[in-house]
Amino acid sequence: MSASDKDFRPKARRPRGFQDRRGAGLARERALVAKISKVYEDWGFEALETGAFEYADALGKFLPDQDRPNEGVFALEDDDDQWMALRYDLTAPLARFVAENYDGLPKPYRRWAAGPVWRNEKPGPGRFREFWQCDADTVGSASPAADAEMIAMACAAYEALGLKRGEYRINFGDRRILDGALDLIAKFGAQAPAKFNRTTILRAIDKLDRLGREGVRALLGKGRKDESGDFTPGAGLSVEAADSLLDVLTNSGSSGAGSASQSNAQRIDFLKLNLSPDADSSVASALADLESMSDVLRSMGVSDQQWRLDTTIVRGLDYYTGPVFEAQLIGANGAGFGSIGGGGRYDDLVARFTGQKIPATGFSIGVSRLAAALEAGEANAQFTDGPIVVLPFDKDSMTDCFAFAARLRAKGLKAEVYLGGAGPKAQLKYADKRNAPLAVILGGDERAQGQVTLKDLKLGAARAKSVADNKEWREGGAAQITVPQDELESAVSRILASQRGA
RNA sequence: GCCGCCUUAGCUCAGUUGGUUAGAGCGCUGGAUUGUGGAUCCAGAGGUCCCUGGUUCGAGCCCUGGAGGCGGUACCA
């Protein structure tokens with residue numbers, strides 16, 4: 001090692017968009033995953049785990065002659081000159097798995113998966129470059145009932161997490177209806193819809209929730225200038241065409257009720273009336289599918305409060321073929337956090353590998369974002385108790401302390417021995433920082449008597465709130481008891497019980 | 001990618017027209033209390049003022065270039 005190597009000090013810093021998680025926060029997130037996957041299992045989905053890397057072409061990334069296919073993914077080149085990329089979702093690996101193992105799988109194939117995914121994008125609040133998803137998919141069923149089941153199960157999952165009716169909603173749209181609405185524009189002037197940039201229009205519509213109607217009108221027309229002064233070119237629609245499109249999609253204007261309280265049945269009727277599709281068109285079959293979905297959802301007890309037909313839902317542009325859905329938090333919790341889950345039907349994904357069209361539909365819950373949103377919502381979230389900390393006040397007490405900790409663990413309690421070299425004061429500070437409910441203290445005095453001291457840290461903390469003076473503080477006693485060593489377990493449970501009661 | 005803002009102690013930030021020794025609150029360490037956390041009081045430690053080059057007698061402050069962070073916007077299979 002050269003001198004300069006020795007001198008080199010890397011700066012300790014977390015890569016942006018990646019999170020360090022610890023303690024209670026991590027436990028909370030794991031609990032979310034456990035609860036969601038329990039629901040998926042209960043609904044008859046089988047667990048599937050695939051690796052973090054896929055070959056880049058399997059992810060749908062074709063490699064032009066650039067050095068790195070880094071558009072949105074983290075990629076690297078394998079020894080055999082093949083590009084591999086970290087998966088950016090759990091759906092593409094599923095498609096690959098199904099294509100590879102098609103013959104041996106039950107059809108339809110129902111599986112769930114949970115794990116981290118990676119996206120090489122600019123991070124933001126509630127938006128990470130590594131985050132967890134928890135997916136369920138049904139591969140091999142074209143029935144609208146499969147889509148309806150996804151919505152119903154998503155509701156069940158959110159409620160298993162403790163969300164209540166009215167705190168979340170699944171918004172539901174359909175690509176085919178969007179296309180039908182775009183055809184309406186043909187009625188305005190000479191511009192044929194095919195000449196419009198459909199992509200630009202769909203992207204604009206997708207921003208309705210964030211930019212509002214006026215912002216989207218600008219994007220559909222001439223373009224929009226944002227807060228920083230940057231200008232986004234628009235789709236170039238006429239004002240009449242843009243308004244007409246927005247009226248149909250948002251169910252407002254002269255022929256629409258425009259009411260948020262409208263039922264889904266009313267919304268379907270509105271679309272039938274305004275899109276007036278040909279009997280054999282894809283819009284017509286989309287509407288028929290919608291009605292049967294609606295029926296299935298009703299029979300599963302899913303109410304209009306839990307799902308809403310919203311034809312402005314677009315989602316990612318390429319791989320969804322029909323129904324698309326998106327879950328959002330309602331109310332203060334949801335502000336600024338975007339969607340907390342989403343999915344849709346992707347009938348062509350497996351066909352990329354096999355050439356055989358296999359219908360599939362799925363739903364994905366963004367665990368990291370949901371955890372971030374829930375956390376932001378409950379700023380005063382109660383923190384969970386740390387372990388009981390056993391403190392050896394002198395060196396000779398160490399062995400006995402380990403025996404105490406072992407006895408507490410045998411009772412199913414979390415316990416640890418303080419391993420640092422500091423004095424009593426620092427030891428108590430440590431216990432405090434670990435959020436221990438109580439400290440077990442063993443020093444020379446106790447050992448001489450065959451006793452042990454138990455200090456109720458929570459009681460002391462509560463008492464501190466009302467004490468402002470050092471003298472009063474010292475006179476108040478130490479919120480601790482000393483008991484014979486063989487009464488350790490019973491005395492500890494008494495203190496814990498009194499803490500729960502208080 | 002584009003646009004804007006920002007970077008001073010562990011954290012959040014103040015810092016006058018460019019002037020000697022760069023500050024505060026919180027946190028941290030120690031003491032008041034030789035074996036007792038959280039309140040209170042006292043003391044202390046802690047700085048490459050993001051980096052680089054320049055202007056100047058003199059730069060945390062002004063100028064060039066770079067890096068990093070934040071926000072908006074675009075992209076998001």
Side-chain angles (χ1 to χ4, degrees), chain A residues 9 11-17 54 56-62 69-73 75 85 87-89 91-92 95 117-125 127 129 199-200 203-204 206-207 210-211 215 219 223-233 314-320 336 338-339 342 346 348-349 352 386 389 391-394 397 418 422-448 453-480 482:
Chain A
R9 290 275 183 280
K11 191 176 177 195
R13 58 199 194 106
R14 174 176 50 83
R16 63 198 184 113
E54 293 286 341
D57 56 0
L59 290 180
K61 275 290 154 196
F62 303 101
N70 253 352
E71 271 183 64
V73 301
R87 63 186 182 203
Y88 57 81
D89 70 9
T91 309
V117 302
W118 296 269
R119 296 188 187 182
N120 193 0
E121 294 167 352
K122 188 184 148 185
R127 202 180 162 95
R129 289 157 97 196
T199 305
T200 309
R203 279 175 191 156
D206 196 32
K207 293 175 176 58
R210 196 156 42 88
L211 301 181
L219 279 177
R224 174 177 176 271
K225 191 181 272 193
D226 68 41
E227 287 167 36
S228 69
D230 199 18
F231 183 76
T232 310
V314 178
R315 293 195 61 76
L317 285 171
D318 278 337
Y319 80 51
Y320 293 115
S339 69
Y346 48 98
D348 298 328
L349 252 197
R352 285 192 49 241
V389 180
L391 305 176
F393 268 11
D394 59 4
S397 299
Y418 174 79
K425 186 167 179 157
Q427 295 196 15
L428 262 306
K429 268 190 151 163
Y430 173 82
D432 198 38
K433 211 162 214 172
R434 292 306 312 277
N435 204 17
L438 63 86
V440 174
I441 296 169
L442 185 70
D445 298 351
E446 285 87 355
R447 262 184 307 120
T453 296
L454 307 180
K455 189 176 181 70
D456 185 339
L457 296 178
K458 285 189 174 177
L459 184 62
R463 211 164 51 82
K465 284 180 188 141
S466 59
V467 177
D469 179 66
N470 189 24
K471 203 172 285 174
E472 184 187 350
W473 173 248
R474 303 221 64 78
E475 285 164 358
Q480 64 187 38
T482 300

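Numbered from 1 within each chain, the chains take letters A, B, ... in sequence-line order. Values in this document were obtained by computation on a predicted structure and should not be read as measured data.
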(message) Measuring to OP1 and OP2 of C75(B), would you say a side-chain N or O of Arg203(A) lies under 4.0 angstrom away?
(response) yes
(request) Would you mind reading off the distance between Tyr418(A) atom OH and G37(B) atom C1', rounded to a whole angstrom? (result) 12 Å
(request) Give none if C2(B) has no partner; otherwise give the nucleotide forming a Watson-Crick or G-U wobble pair with it, both distances under 3.5 Å. (result) G72(B)
(request) Kindly indicate whether the side chain of Lys122(A) and the base of U73(B) share any N or O donor-acceptor pair separated by less than 3.5 Å? (result) yes
(request) Would you mind reporting whether Leu454(A) and Val440(A) have side-chain heavy atoms less than 4.5 Å apart? (result) yes
(request) Send over the distance from Lys429(A) NZ to U29(B) C1', rounded to a whole Å. (result) 8 Å
(request) Quote, to the nearest angstrom, the P distance that separates C13(B) from C50(B). (result) 15 Å
(request) Using a cut-off of strictly less than 4.0 Å, decide whether Lys455(A) has a side-chain nitrogen or oxygen near OP1 or OP2 of G35(B). (result) no
(message) Distance check, P atoms only: G4(B) and G10(B), in whole angstrom units.
(response) 32 Å
(request) Quick one: label Asp445(A) by what it contacts on the DNA or RNA (base, sugar-phosphate, nothing), any heavy atom closer than 4.0 Å. (result) base
(request) Let me know, please, whether Phe231(A) or Gly444(A) comes out on the 5' side of the other along RNA chain B by nearest nucleotide. (result) Gly444(A)
(request) Go through the steps to decide whether Arg203(A) and Val314(A) satisfy the test side-chain contact (heavy atoms from CB on, under 4.5 Å), and finish with yes or no. (result) CA-CA 8 Å; Arg203(A) 279 175 191 156; Val314(A) 178; over 6 Å; no
(request) Return the nucleotide paired to A77(B): Watson-Crick means purine N1 to pyrimidine N3 with N6-O4 or O6-N4, wobble means G-U with N1-O2 and O6-N3, both under 3.5 Å. (result) none
(message) Among C76(B), C28(B), U36(B), which nucleotide has an atom closest to any side-chain atom of Glu121(A)?
(response) C76(B)
(message) Could you tell me how far C57(B) sits from U64(B) if I compare only their C1' atoms? Round to whole Å.
(response) 23 Å
(request) Give none if A22(B) has no partner; otherwise give the nucleotide forming a Watson-Crick or G-U wobble pair with it, both distances under 3.5 Å. (result) none
(message) Nearest 0.5 angstrom please: Leu428(A) CG to Leu457(A) CG, how far?
(response) 6.5 Å
(message) I want to check one thing: is the phosphate of C76(B), taken as OP1 and OP2, less than 4.0 Å away from some side-chain N or O of Lys207(A)?
(response) no
(request) Please measure how far the C1' atom in C26(B) lies from the corresponding atom in G46(B), and state the result in whole Å. (result) 14 Å
(request) Would you say whether Tyr88(A) stacks on A77(B)? The test is a distance between ring centres of less than 5.5 Å and an angle between planes of less than 30°. (result) yes
(message) What I want to check is whether an N or O donor and acceptor connect the side chain of Lys458(A) with the base of G37(B) at under 3.5 Å.
(response) no
(message) Tell me if a side-chain donor or acceptor on Arg129(A) pairs with a main-chain N or O of Pro123(A) at a distance below 3.5 Å.
(response) no
(message) Rounding to an integer number of Å, can you tell me how far Arg129(A) CZ sits from C75(B) P?
(response) 19 Å
(message) Distance check, C1' atoms only: U16(B) and C3(B), in whole angstrom units.
(response) 32 Å
(request) Spell out, as yes or no, whether a donor-acceptor pair under 3.5 Å connects the side chain of Tyr430(A) to the backbone of Leu391(A). (result) no
(request) Please report the closest heavy-atom contact between Leu219(A) and Pro233(A), naming both atoms and the distance. (result) CD2-O, 4.4 Å
(message) Measuring only the C1' atom in each nucleotide, how far is U55(B) from G1(B)? A whole number of Å is fine.
(response) 35 Å
(message) A side-chain contact here means heavy atoms from C-beta on lying under 4.5 Å apart; do Arg224(A) and Phe231(A) qualify?
(response) no
(request) Look through every strand shown and name the nucleotide pairing with U55(B) as Watson-Crick or G-U wobble, where both distances are under 3.5 Å. (result) none
(message) Both distances below 3.5 Å, Watson-Crick or wobble geometry, any strand: find the nucleotide opposite U48(B).
(response) none
(request) Report yes or no: do Glu446(A) and Thr453(A) form a side-chain donor-acceptor pair below 3.5 Å? (result) yes
(request) Using atom CG of Leu59(A) as one end and atom P of C76(B) as the other, report the distance to the nearest whole Å. (result) 16 Å
(message) If the cut-off is 4.0 Å, is Arg210(A) near the phosphate of A74(B), judged by side-chain N/O to OP1 or OP2?
(response) yes
(message) I want to check one thing: is the phosphate of A77(B), taken as OP1 and OP2, less than 4.0 Å away from some side-chain N or O of Arg119(A)?
(response) no
(message) If I take atom CG in residue Asp432(A) and atom P in nucleotide G37(B), what distance separates them, rounded to the nearest angstrom?
(response) 10 Å
(message) Just the rounded figure in Å: distance from P of C70(B) to CZ of Arg127(A).
(response) 14 Å
(message) Tell me whether the side-chain N/O atoms of Arg16(A) come closer than 4.0 Å to OP1 or OP2 in G68(B).
(response) no
(message) Say we look at G23(B) and C61(B): how far apart would their C1' atoms be, to the nearest angstrom?
(response) 15 Å
(request) Determine which nucleotide pairs with G60(B), using a 3.5 Å limit on both distances of a Watson-Crick or G-U wobble pair. (result) none
(message) Give me the distance, rounded to whole Å, that separates U52(B) from U48(B) when you measure between the P atoms they each carry.
(response) 13 Å
(request) Name the nucleic acid region contacted by Gly423(A), choosing base, sugar-phosphate or nothing; use a 4.0 angstrom heavy-atom cut-off, strictly under. (result) nothing
(message) For a quick check of understanding: with a heavy-atom distance under 4.0 Å over all strands, which category does Leu391(A) fall into, base, sugar-phosphate or nothing?
(response) nothing
(request) Round to the nearest Å and state the distance from Leu211(A) atom CG to U73(B) atom C1'. (result) 9 Å
(message) With a 3.5 Å cut-off and heavy atoms only, can you find an N or O donor on one side and an acceptor on the other between the side chain of Gln427(A) and the base of U36(B)?
(response) no
(message) Can you identify which nucleotide, out of U36(B), U73(B), A77(B), has its nearest atom closest to the Val73(A) side chain?
(response) A77(B)
(request) Figure out the CZ/C1' separation between Arg315(A) and C76(B), and round it to whole Å. (result) 11 Å
(message) Under 3.5 Å for both donor-acceptor distances, Watson-Crick or wobble: does U40(B) have a partner, and if so which one?
(response) A32(B)
(request) Please evaluate the base of G37(B) for a donor-acceptor partner in the side chain of Gln480(A) within a cut-off of under 3.5 Å? (result) no
